[in-house]
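We name chains A, B, ... by the order of the sequence lines, and we start the count at 1 in each one. All of these numbers come straight from a predicted model, not from anything done at the bench.
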Protein chains: 2
Amino acid sequence: MEGKSNIFTIASRTGYSVSTVSRVLTGQAAKFRISKKAIDLISETARQVNYQPDLVAQTLRTKQSHTIGLLVPGIDNPFFATLSGIIINLLAARGYHTLLADSRESEQEEEQALQMFKGRKVDGIIAVPVATKADNLEQIGRDIPVVLIDRHFKKTTLPYVCTDNYLGARMATDYLLDRGYKSILAIQGVPTSMPNQERLRGFTDAIKGKPVHYAVAGNAFSVENGHDEIMKCFSDGARPFDAVFAFSATILLGAIDAFRELNIEVKRDVGIISYDNNGFLDFLDPAVTRIEQPLREASSMAVETLFGIIDSRREGLPEPAVCQRLIPPTLVVRSSC
Amino acid sequence: MEGKSNIFTIASRTGYSVSTVSRVLTGQAAKFRISKKAIDLISETARQVNYQPDLVAQTLRTKQSHTIGLLVPGIDNPFFATLSGIIINLLAARGYHTLLADSRESEQEEEQALQMFKGRKVDGIIAVPVATKADNLEQIGRDIPVVLIDRHFKKTTLPYVCTDNYLGARMATDYLLDRGYKSILAIQGVPTSMPNQERLRGFTDAIKGKPVHYAVAGNAFSVENGHDEIMKCFSDGARPFDAVFAFSATILLGAIDAFRELNIEVKRDVGIISYDNNGFLDFLDPAVTRIEQPLREASSMAVETLFGIIDSRREGLPEPAVCQRLIPPTLVVRSSC
DNA sequence: AAGCTTTGCTCAAACGATTGCGCAAAAATA
DNA sequence: TATTTTTGCGCAATCGTTTGAGCAAAGCTT
């Protein structure tokens, strides 16, 4: 049998009505006391004609798409690629499909993606927001369950699961201070982004009052940025800092590249610590000490939270308390500082 | 105005019929000679009530979802993450959305994902197949345009865009031979996968007839595999090979890790070359000589091909000649061998 | 045997859009 | 003025499901 079988073909082949067929096929047979005979015949016929329900029609009718919209600001960034992978698989395990959109750090593309999600009737949204104000997402959140991940807004009613970037930066900085470094360069990423701001705050708070020299440079979570800032500071054989705190793995890589060009040896000449998970950092020489974010835990918590809201709304139950979690990151000690 | 506006609300607010509203909103006004007055009023009203078409209903009616199904065997693998990112952005540029599914190297999950795509009425599918026989995908391909990427089947009528793994492996091996290596260990990935088989064939063909000792080991595209095989061969201070050809970047990393444990220095003690793109490989020390696949080119060619089929089927035109391309990879020379 | 329950199913209206066909009024032509 | 043509729009079916309401036949009760 070929592709175009629908509930109607089954109805006419079995002699039952489409209602009965539908109820059997959606497992509602018992509830409507369909006879065993009918159940068997219909199921068997469905199998024979290789019936696959039209999920689009189903969605239109039931208002449930079994699809979640996932919005990230740059799928080409390994960090978000990993995150997406984890989330997609968590969703798949629950029988949900994923519409993936990339806002490419653009508010406008974010807005478009959200509208698309809405038009597609996704059952929920998991987003790494790029907007600076929560309005848009909160607006959408009234129609569709939304959970933020990795980034959130300062004052928002939306649930989020992020890692504690302030804490992470403090941990990193404190570690550097403990190791005796006296002059630290922080290379930051996108200054307007929430994680960056928190990391910066953690960094400066940790250093405040200590007899330590420091500076902040940079403006993007990119390899180029890391490279360029190091070149600027360390050119002409200068060694103005004895340690560098890279706010992302990409920045770190750029820095390492620059150090190589400058013939500055990491660890011997300058200590270096990084943010971000990246198994890759273990293969560098020396392996890079870093702040890792518990991505798996955060993802799974975000997914739980999302389905908590979805389920309660579907059942008409009161919504669970808004979950706003900051998960503490972990310091992974290697040998780069 | 709030979310629940549909074509009907606009119709009643303007006094026009839903037909007219629909035609205006889908840009068919001219074709049906709708008056300028009606056009203006309807457009303005749509704006006021913040009308967003229900894409699900639209899909049901028009049989076009503006969605492409993307199937990869492991989104957590950086290679496929990068590939997905590129493809998603190419599709977005054409106004298409992406349903992303992960088969996790399982034929069964692949099959499920394909059925899901079909049920969701995707307009086309781009897949990195894991199945060993083409049947399933060819079957689907009759209903929905399908283009394979990265992996293909030996004899298939399906269009594909892959890189020439045979050639790549030859290039890598020839390079090693040119550099004077005399004893080469190849560590392969999943033996049943097409790319692996081709790489293996390229490797052995390149070495055939040369006075060179070689061996093949391994069975997965994973870090562990790379690590374990090196440990097996090089334990007890043995140096049975003077060069290693890793069939993937993950394998390479495992190998490097093992060499570190064994106190074997890459380049001085053993040459090493790898397959796969991975910007990361440049940051290792020494930077890794490798075979890079033109991912961007392949992706864009796959997308072009796909839309070639989609467009011709939509217009009822004869289908374009089946595009089956093997793109030559490039040797990126660094300093690991 | 009359009434009440249960059983097992069908009818038809949604869901929100698109679209072939038709048709009245206005304009153009004869 | 009568006919034809053009303009501008509406009717209602359709896509493939789900679902509230209803109903005949069979079984049970008294």
Kindly check if the number of other-residue, nucleotide or ligand heavy atoms within 6.0 Å of CZ (Arg296(B)) is above 12?
no

Among Val146(B), Val322(B), Thr305(B), Leu326(B), find the residue that satisfies the side-chain contact (heavy atoms from CB on, under 4.5 Å) test when tested with Tyr160(B).
Leu326(B)

If you only use heavy atoms from C-beta on, which nucleotide in dC15(D), dG16(D), dC9(C) is closest to the side chain of Ser35(A)?
dC9(C)

Let me know the distance between CD of Gln64(B) and C1' of dA17(C), rounded to the nearest Å.
14 Å

Phosphate-side-chain proximity, Thr20(B) and dG8(D), N/O vs OP1/OP2 below 4.0 Å:
no

In whole angstroms, the gap separating C1' of dC15(C) from CG of Leu55(B) amounts to 15 Å

Round to the nearest Å and state the distance from Asp54(A) atom CG to dC15(C) atom P.
18 Å

Hey, does the side-chain of Arg120(B) have a donor or acceptor N/O within less than 3.5 Å of a partner on the base of dG16(D)?
no

Between the main-chain N or O of Thr20(A) and the side-chain N or O of Ser22(A), is there a donor-acceptor pair closer than 3.5 Å?
no

Residue Tyr51(B), side-chain atoms from C-beta onward, closest of dA12(C), dA17(C), dC11(D)
dA17(C)

Mind checking if Thr62(B) touches a base, just sugar-phosphate, or nothing, with heavy atoms under 4.0 Å?
sugar-phosphate

Whole-Å distance between dT18(C) C1' and Asn6(B) CG?
14 Å

Proximal nucleotide (of dC15(D), dG8(C), dT19(D)) relative to the Leu60(B) side chain
dC15(D)

Nearest to the Arg33(B) side chain among dG8(D), dG8(C), dT17(D), which nucleotide is it?
dG8(D)

Taking NZ from Lys36(B) and P from dG8(D), how many angstroms apart are they, rounded to a whole number?
13 Å

Starting at NZ of Lys31(B) and ending at P of dC9(D), how long is that distance when rounded to a whole Å?
17 Å

By the definition side-chain contact (heavy atoms from CB on, under 4.5 Å), identify the one residue from Gln324(A), Glu297(A), His152(A), Met301(A) that meets it with Val161(A).
Met301(A)

Check for a donor-acceptor pair, side chain of Ser5(B) on one end and backbone N or O of Val49(B) on the other, with a separation under 3.5 Å.
yes

Whole Å only: how far is the CD atom of Gln58(B) from the P atom of dT18(C)?
5 Å

For Thr26(B), answer base if it contacts any base atom (sugar-phosphate contacts may also be present), sugar-phosphate if it contacts only those atoms, and nothing otherwise; contact means non-hydrogen atoms under 4.0 Å.
sugar-phosphate

Provide, to the nearest angstrom, the distance between the NZ atom belonging to Lys63(B) and the C1' atom belonging to dT19(C).
14 Å

Report yes if at least one side-chain N or O of Tyr16(B) is closer than 4.0 Å to OP1 or OP2 of dC11(D); otherwise report no.
no

Winner on side-chain proximity to Ala57(A), out of dC15(D), dG16(D), dC9(D), is dG16(D)

Is the base of dG10(D) touched by the side chain of Arg23(B) through a donor-acceptor pair closer than 3.5 angstrom?
yes

Near Gln108(B) CD, under 6.0 Å, is it more than 12 heavy atoms from other residues, nucleotides or ligands?
no

When all nucleic acid strands are considered with a 4.0 Å heavy-atom cut-off, which category describes Gly15(A): base, sugar-phosphate, or nothing?
sugar-phosphate

Just call it for Phe8(B): base, sugar-phosphate, or nothing, with non-hydrogen atoms closer than 4.0 Å on any strand.
nothing

Spell out yes or no: do the side chain of Ser17(A) and the base of dC11(C) have one donor N/O and one acceptor N/O closer than 3.5 Å?
no

By nearest-heavy-atom nucleotide on DNA chain D, the more 5' of Ile34(B) and Gln28(A) is Ile34(B)

